[in-house]
Amino acid sequence: MEDNFFNKVYEVVRIIPIGRVTSYGAIGKYLGSAKSARMVGWALNKCPNDVPAHRVINRNGLLTGKAHFNGINLMQQLLENEGIVVEENKVIHLENNFWDPSKELL
DNA sequence: CTGTTGACTGTCG
DNA sequence: GCGACAGCCAACA
């Protein structure tokens, strides 16, 4: 596996537990720089089927990437399907469902 | 090869 | 508390 920042994003996102969500910055920070959150978004832009990009949201718990999915409510539906409460395109109880690779994965 | 854009976040004013 | 700027790296025109 190539240790590129890009590739790391795929691996981290793939290991996100069910019923948990994380943020672009959390992944970017785990990889080295929180400022690399943009790269996380760009990486997810490739959005391989193996990567549950719907579990990756912004720091505010807002489903910023919902527009990039096949539909608009698809991302929300997937999150709710995993038991995550989503309302107005944002995750409720975010801190309760938040999964930080720097802490959980460690 | 150079410039712009992009699913973000943190800091400064 | 809100607005604007900077930083990170890769892909596309």
Side-chain angles (χ1 to χ4, degrees):
Chain A
M1 290 297 285
E2 298 177 10
D3 293 347
N4 293 335
F5 206 100
F6 215 80
N7 205 332
K8 291 280 188 109
V9 176
Y10 296 131
E11 293 189 61
V12 174
V13 175
R14 274 186 252 196
I15 62 179
I16 297 176
I18 305 296
R20 293 278 196 265
V21 291
T22 188
S23 63
Y24 304 94
I27 297 172
K29 185 177 183 180
Y30 173 69
L31 299 180
S33 301
K35 303 300 183 71
S36 302
R38 297 180 131 171
M39 284 289 73
V40 178
W42 195 265
L44 293 180
N45 192 352
K46 305 297 185 179
C47 201
N49 295 333
D50 297 349
V51 180
H54 59 275
R55 293 185 193 154
V56 185
I57 57 184
N58 72 340
R59 194 55 171 108
N60 296 319
L62 189 65
L63 282 63
T64 50
K66 72 181 196 319
H68 287 260
F69 277 78
N70 292 316
I72 303 298
N73 297 334
L74 179 61
M75 189 173 188
Q76 181 173 332
Q77 289 293 288
L78 290 170
L79 292 172
E80 289 184 330
N81 187 27
E82 296 185 355
I84 300 171
V85 181
V86 182
E87 195 167 300
E88 295 185 50
N89 298 327
K90 62 186 172 192
V91 177
I92 310 302
H93 304 291
L94 177 62
E95 296 180 8
N96 191 29
N97 292 309
F98 191 78
W99 180 79
D100 188 345
S102 300
K103 296 176 182 176
E104 302 296 318
L105 183 61
L106 193 57

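Reckoned from all heavy atoms, side chains included, excluding hydrogens, waters and symmetry mates. Chain naming here is simple, since letters A, B, ... match the order of the sequence lines and numbering starts at 1 in each.
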Output the single nucleotide from [options] whose closest atom is nearest the side chain of [X].
X     : options               : result
A:F6  : B:dA7, C:dA10, B:dG10 : C:dA10
A:M39 : B:dT9, B:dA7, B:dG6   : B:dG6
A:H68 : B:dA7, B:dT9, C:dC8   : B:dA7

Nearest-nucleotide wise, let me know which of A:R38 and A:N4 is further upstream toward the 5' end of DNA chain C. A:R38
Start at the 5' end of DNA chain C and walk down; is the nucleotide closest to A:A37 or to A:K46 reached first? A:A37
Applying a 4.0 Å non-hydrogen cut-off, can you work out what [X] is touching in the nucleic acid: base, sugar-phosphate, or nothing?
X     : result
A:A43 : nothing
A:Y24 : base
A:N45 : base
A:S33 : nothing

Without decimals, in angstroms, what is the distance between [X] [atom1] and [N] [atom2]?
X     : N      : atom1 : atom2 : value
A:K90 : B:dC8  : NZ    : P     : 17 Å
A:K35 : C:dC8  : NZ    : P     : 7 Å
A:L44 : B:dG6  : CG    : C1'   : 12 Å
A:N58 : B:dC8  : CG    : P     : 7 Å
A:Y10 : C:dA10 : OH    : C1'   : 10 Å
A:I72 : B:dA7  : CD1   : C1'   : 13 Å

At what distance, to the nearest 0.5 angstrom, does [atom1] of [X] lie from [atom2] of [Y]?
X     : Y     : atom1 : atom2 : value
A:T22 : A:I27 : OG1   : CD1   : 4.5 Å
A:K46 : A:F6  : NZ    : CZ    : 5.5 Å
A:L62 : A:S23 : CG    : OG    : 12.5 Å

Scanning all shown strands, the Watson-Crick or wobble mate of B:dC1 with both distances under 3.5 Å is none
Strictly below 4.0 Å, N to O, side chains only: are A:R55 and A:E82 in salt-bridge contact? yes
Check for a donor-acceptor pair, side chain of A:Y10 on one end and backbone N or O of A:A43 on the other, with a separation under 3.5 Å. yes
C:dA6 and B:dT4, which share atom name P, separated by this distance in whole Å: 14 Å
